[in-house]
Chemist: 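My structure is below; once you've seen it, I'll send some questions.
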Amino acid sequence: MLSTIVLIVIPVLLYWNYISRKRRNELTSNIPGPPAYPFIGNLFVLQLRSVQDTIDFLKGFHLKYGKTVRLWILDQLNFCTVDPKLVEIILTSPKYIQKGSLYDHLKVWLGNGLLLSNGRKWFQRRRIITPTFHFKILEEFSEVMDEQSHILVDKLQKHSWTEAFNIEPYITLCALDVISETALGTKINAQMDPSCEYAQAVHTMSYIVMERMVKPYLKYDLIFSILYPKMKKAEVKASRILHDFTEHIIEDRRKLLLEDIKANHVDTDEAEMTRKRKRTLLDVLLQATIQGQPLSNNDIREEVDTFTFEGHDTTTAGISFTLYCLSRQPEVQEKVFSEIREVIGNDKTKPAKMQELQDLKYLEIVIKESMRLYPPVPMIARKLEEDIQINDKFFPAGSDVTIPMFLLMRDPEIFSDPDHFKPERFFTEKFSEKATAYSYIPFSAGPRNCIGQKFAMLEMKCTVSKILRYFELLPMGEEPKTTANLVTRSTNGKSVQTWSQEKCTPHRPDKIIDCHGAIPTAKGQGQSI
Ligand code: HEM
């Protein structure tokens with residue numbers, strides 16, 4: 001009986017699979033890619049890869065097959081592209097704003113927040129949230145950034161003059177403190193208490209999401225629960241901790257806001273709110289209405305969770321890779337340090353003002369160059385809602401298109417000497433011209449670009465400049481082994497050695513040069529990163 005069923009069912013499924021792919025296969029046959037098997041497609045090629053070697057794996061793929069590669073994952077047609085023309089069409093058109101299946105695993109945590117929502121919901125939320133990044137509000141946020149980076153340098157003091165260490169965990173906690181205070185209006189003090197439940201849950205959740213992302217068969221909850229029961233349990237626990245935490249804060253803040261309004265301390269006028277206390281993303285959402293209706297706690301929670309996720313791991317990657325690059329490039333570090341002293345002054349305890357941070361133009365291109373080599377968001381993906389035809393190439397609606405940023409931004413046709421850290425290229429090279437503008441997109445581009453990019457730049461500048469005001473970074477410790485995780489990470493951290501600037505006299509440039517002259521030489525110094 002069983003064999004009869006197998007004999008009938010398998011050929012039927014094979015035939016159905018052949019028919020369902022046939023048209024798409026024919027239409028896209030001129031786009032190269034590895035041979036696909038019935039049913040599974042290229043699943044095995046992908047699933048055998050660990051998170052660690054995603055970068056090398058995709059690099060190899062593009063070297064072998066060209067700028068756009070075709071892949072089948074089960075019945076899903078995928079394209080992986082570093083072709084700026086296709087990237088431009090996808091990112092700039094409001095027709096292609098739906099996210100690819102790559103993001104599905106984030107839903108457990110982020111629900112349908114701004115990063116994952118589509119259509120009308122996304123449009124309305126984007127409109128509500130955009131004012132949170134108003135200049136005036138950012139100015140207040142920069143005070144929080146300064147305070148938190150001050151705690152950070154205190155924590156780093158213990159490493160000064162000792163040995164190379166991984167700076168990333170310190171930056172993570174600082175970034176988490178910044179985002180919770182600015183988005184939620186709540187201090188979680190992660191830097192003072194790294195074992196705090198919330199920080200741990202964020203860490204666990206990020207790890208699990210990425211594990212599921214690189215193993216496409218774990219997309220199905222049932223298979224995930226059967227194959228990885230412990231991980232499933234950890235996912236449920238972490239998501240409960242994260243959701244409970246934000247829900248409590250929303251409740252408390254809603255009560256506070258209502259009490260304030262009752263007591264007439266606050267009127268609903270925006271300017272008045274801003275004047276009385278620091279306005280947070282949560283306040284914006286609590287006061288927002290859509291067609292006269294306030295947002296529910298659940299609606300607000302998904303947005304707040306999205307900000308916590310998007311707003312701390314990304315900036316951590318941006319800051320810690322910049323610090324690593326600076327530690328390996330003493331001349332660049334020297335220039336940044338001089339600029340900081342010129343703009344902010346010699347008193348390192350003085351908080352940096354927002355305008356001063358904006359005036360750090362050289363530091364800005366250093367951060368941009370670091371993000372080119374190590375894009376904090378390693379890849380983005382879209383699901384095509386309509387067909388795309390470019391010359392003889394056809395991309396059918398329903399396909400997923402993935403854009404690996406770390407390959408796009410190292411294209412030798414666009415960037416001279418692409419694997420080298422050369423911040424000055426942002427002054428001299430012409431890749432910002434229209435034709436190649438879509439080759440440098442660490443914050444993505446078009447209608448779904450990063451809403452927090454000004455915030456991110458401010459935080460990165462604030463933290464990096466604060467660290468450099470206190471420490472010189474030495475090129476010690478292992479070179480990072482980069483991997484495309486949810487954000488770009490290094491499997492062995494980002495090692496640097498800090499050397500207290502106290503040892504130099506900030507008022508005496510000759511002394512500074514003496515200090516820099518004492519930098520121990522290390523493997524990789526001045527070499528390609
Ligand atoms: C160096 C830091 C950052 C980088 C490189 C970065 C990069 C990106 C990229 C590439 C996207 C587009 C994702 C996609 O198309 O799938 C994005 C979206 C987004 N980012 Fe950022 N981001 C950073 C920091 C931040 C911060 C600090 C916040 C919040 C405070 C934030 C909030 C968001 C949100 C909410 C979206 C979704 C926007 C939408 O779909 O409308 N990001 N980010």
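Both counts, for ligands and for their atoms, begin at 1 and track the order of listing. Just so it is clear, the structure is predicted and the values come from calculations on it, not from any experiment.
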Chemist: Could you tell me if Glu235 and Tyr207 have a donor-acceptor pair between their side chains, going purely by distance under 3.5 Å?
Modeler: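 Short answer, no.
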
Chemist: Compute the ring centroids of Tyr374 and Phe406, then answer whether they are less than 6.0 Å apart.
Modeler: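 No, they do not, as the ring centres are separated by 6.0 Å or more.
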
Chemist: Once salt bridge (charged side-chain N to carboxylate O under 4.0 Å, His left out) is applied, what residue pairs with a partner in residues 113-135 remain, sequence neighbours excluded?
Modeler: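 Only Lys121-Glu302, Arg125-Asp299, Arg125-Glu302, Arg125-Glu303 qualify under salt bridge (charged side-chain N to carboxylate O under 4.0 Å, His left out).
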
Chemist: So, using salt bridge (Lys or Arg N to Asp or Glu O under 4.0 Å) as the criterion, who are the partners of Lys95 when residues are at least two apart?
Modeler: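 If we apply the salt bridge (Lys or Arg N to Asp or Glu O under 4.0 Å) test to Lys95, skipping adjacent residues, the hits are Glu386.
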
Chemist: Report every pair formed by an N or O atom of ligand 1 and a protein N or O atom separated by less than 3.5 Å, giving atom names and the distance to 0.1 Å.
Modeler:
residue  : atom   : partner : partner atom : Å
ligand 1 : 15 (O) : Arg382  : NH1          : 3.1
ligand 1 : 15 (O) : Arg382  : NH2          : 3.0
ligand 1 : 16 (O) : Lys99   : NZ           : 3.0
ligand 1 : 16 (O) : Tyr103  : OH           : 2.4
ligand 1 : 20 (N) : Glu310  : OE1          : 3.1
ligand 1 : 40 (O) : Leu114  : O            : 3.4
ligand 1 : 40 (O) : Arg448  : NE           : 3.0
ligand 1 : 40 (O) : Arg448  : NH2          : 3.2
ligand 1 : 41 (O) : Trp122  : NE1          : 2.8
ligand 1 : 41 (O) : Arg126  : NH1          : 2.7
ligand 1 : 43 (N) : Glu310  : OE1          : 3.3

Chemist: What pairs of residues pass the salt bridge (charged side-chain N to carboxylate O under 4.0 Å, His left out) test when at least one of them lies in residues 439-466, not counting sequence neighbours?
Modeler: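 Found Asp146-Lys466, Glu364-Lys461.
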
Chemist: Are Asp419 and Arg410 close enough for a salt bridge, meaning some N to O gap below 4.0 Å?
Modeler: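 Yes.
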
